[in-house]
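Read the structure below first, then the notes.
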Protein chains: 2
Amino acid sequence: MPTRSQDRTDRRVAVIKALAHPSRLIIAEALQAGEQCVCDLRELVGSDLSTVSKHLTVMREAGLLEMEKRGQNVYYRLRCPCLLSFFECVDSLAPARKRSDKK
Amino acid sequence: MPTRSQDRTDRRVAVIKALAHPSRLIIAEALQAGEQCVCDLRELVGSDLSTVSKHLTVMREAGLLEMEKRGQNVYYRLRCPCLLSFFECVDSLAPARKRSDKK
DNA sequence: ATGCTACTTGGCGAAATGGCCAAGTAAAGA
DNA sequence: TCTTTACTTGGCCATTTCGCCAAGTAGCAT
């Protein structure tokens with residue numbers, strides 16, 4: 001059975017992994033200034049739209065981002081305004097993902 | 001040619017990746033309390049000594065750790081006492097790795 | 001309805017990562 | 001000297017991650 005501290009470590013690792021990619025880090029940095037739609041982020045990172053969408057899913061499932069659909073656009077924003085006080089943030093994110101078990 | 005901000009992003013990603021693994025995160029957390037030798041860390045994470053050694057190499061090359069050999073032991077410690085103010089730290093690590101190009 | 005725009009999801013090959021074992025190195029001890 | 005302890009490094013295989021293309025969904029416009 002997983003211990004309490006393993007849970008905490010796994011949660012931290014999920015968040016850190018969600019930042020551990022150049023495109024995803026650039027997205028996170030961009031979103032510090034405020035929400036953006038996927039097509040703007042696509043232009044920013046320069047990858048295929050499907051690739052960007054998958055990066056955003058990873059970040060959202062880690063608890064880093066939340067999304068909102070308005071009109072035909074989907075806007076993403078940081079759930080955590082911290083990044084600078086990173087680990088405090090990681091611990092505060094607690095439960096944010098649900099969609100299936102992902103593991 | 002890589003831009004200045006690409007360099008910064010790559011450096012940040014290297015540090016974040018170096019923390020984006022359960023064993024490495026556990027090591028980083030343990031080292032916040034002070035330096036430890038490889039065999040102690042091996043016992044802590046429970047993997048093969050060679051595996052732990054490789055994890056430590058990744059962390060050291062990212063600039064997170066420094067090592068010192070004393071007697072038959074090799075001691076590792078955090079170069080960055082922050083982790084809590086994570087990104088400030090990332091930017092302050094600047095040049096720490098050299099050994100070949102690693103990419 | 002049809003079409004367009006803005007996505008998400010599935011699939012698949014390519015590349016990176018992680019783990020162990022085995023072999024090599026270096027220092028301390030007998 | 002030879003042995004032991006404490007690593008590091010190389011190699012290889014299994015798993016994960018990444019990126020594209022292709023196909024599917026949803027809302028707006030005509």
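Naming: A, B, ... by sequence-line order, numbering from 1 per chain.
- Separating the CE atom of A:Met67 from the P atom of D:dA26 is a distance of 13 Å, rounded to the nearest angstrom.
- By the 4.0 Å N-to-carboxylate-O rule, B:Glu66 lies close enough to B:Arg77 to be salt-bridged with it.
- Here the P atom of nucleotide C:dC7 and the OH atom of A:Tyr75 are 8 Å apart, to the nearest Å.
- When the P atom of C:dT17 is taken as reference, atom NE2 of A:His21 falls 10 Å away, rounded to whole Å.
- At C:dG19, none of the side-chain N or O atoms of B:Thr51 fall inside 4.0 Å of OP1 or OP2 (strictly under the cut-off).
- Between B:Leu49 atom CG and C:dG18 atom P the separation is 18 Å, expressed in whole Å.
- The distance from atom NZ of B:Lys17 to atom P of C:dA16 is 9 Å, rounded to the nearest whole Å.
- A straight line from CZ of B:Arg24 to C1' of C:dG19 spans 12 Å, rounded to a whole angstrom.
- Among the nucleotides D:dT8, D:dG19, D:dT17, the one closest to the side chain of A:Lys54 is D:dG19.
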Test side-chain contact (heavy atoms from CB on, under 4.5 Å) applied to A:Arg24 and A:Glu29, step by step: CA-CA 9 Å; A:Arg24 294 199 293 262; A:Glu29 289 169 349; over 6 Å; no

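- Counting to the nearest Å, the P atom of D:dT8 and the CG atom of B:Asn73 are 11 Å from each other.
- In this structure, B:Arg70 reaches neither bases nor backbone, as no heavy-atom distance under 4.0 Å exists between it and the strands shown.
- Counting atom types as modelled, A:Ser50 pairs a side-chain N or O with a base atom of D:dC21 as donor and acceptor under 3.5 Å.
- Distance, A:Arg60 CZ to C:dT9 C1': 12 Å, rounded to whole Å.
- Across all non-hydrogen atoms, the minimal contact from B:Asn73 to B:Cys37 is CB-CB, 4.1 Å.
- Note on A:His55: a side-chain N or O is less than 4.0 Å away from OP1 or OP2 of D:dG19.
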Derivation of the side-chain contact (heavy atoms from CB on, under 4.5 Å) call for A:Arg70 and A:Glu35: CA-CA 12 Å; A:Arg70 291 202 304 274; A:Glu35 65 174 21; 2.7 Å; yes

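- In terms of heavy-atom proximity, B:Leu49 sits nearest to B:Val38 at CD1-CG1, 3.7 Å.
- Along DNA chain D, the nucleotide closest to A:Lys69 and the one closest to A:Val58 are compared, and the more 5′ of them pairs with A:Val58.
- Contact annotation: B:Tyr76 side-chain N/O to D:dT8 OP1/OP2 distance is under 4.0 Å.
- Comparing A:Cys39 and B:Ala20 against DNA chain C, the residue whose closest nucleotide sits nearer the 5' end is A:Cys39.
- Considering only the side chain of B:Asp48, C:dC21 comes nearest among C:dC21, D:dC7, C:dT8.
- Closest to the A:Gln72 side chain, of the nucleotides D:dC28, C:dA28, C:dT9, is D:dC28.
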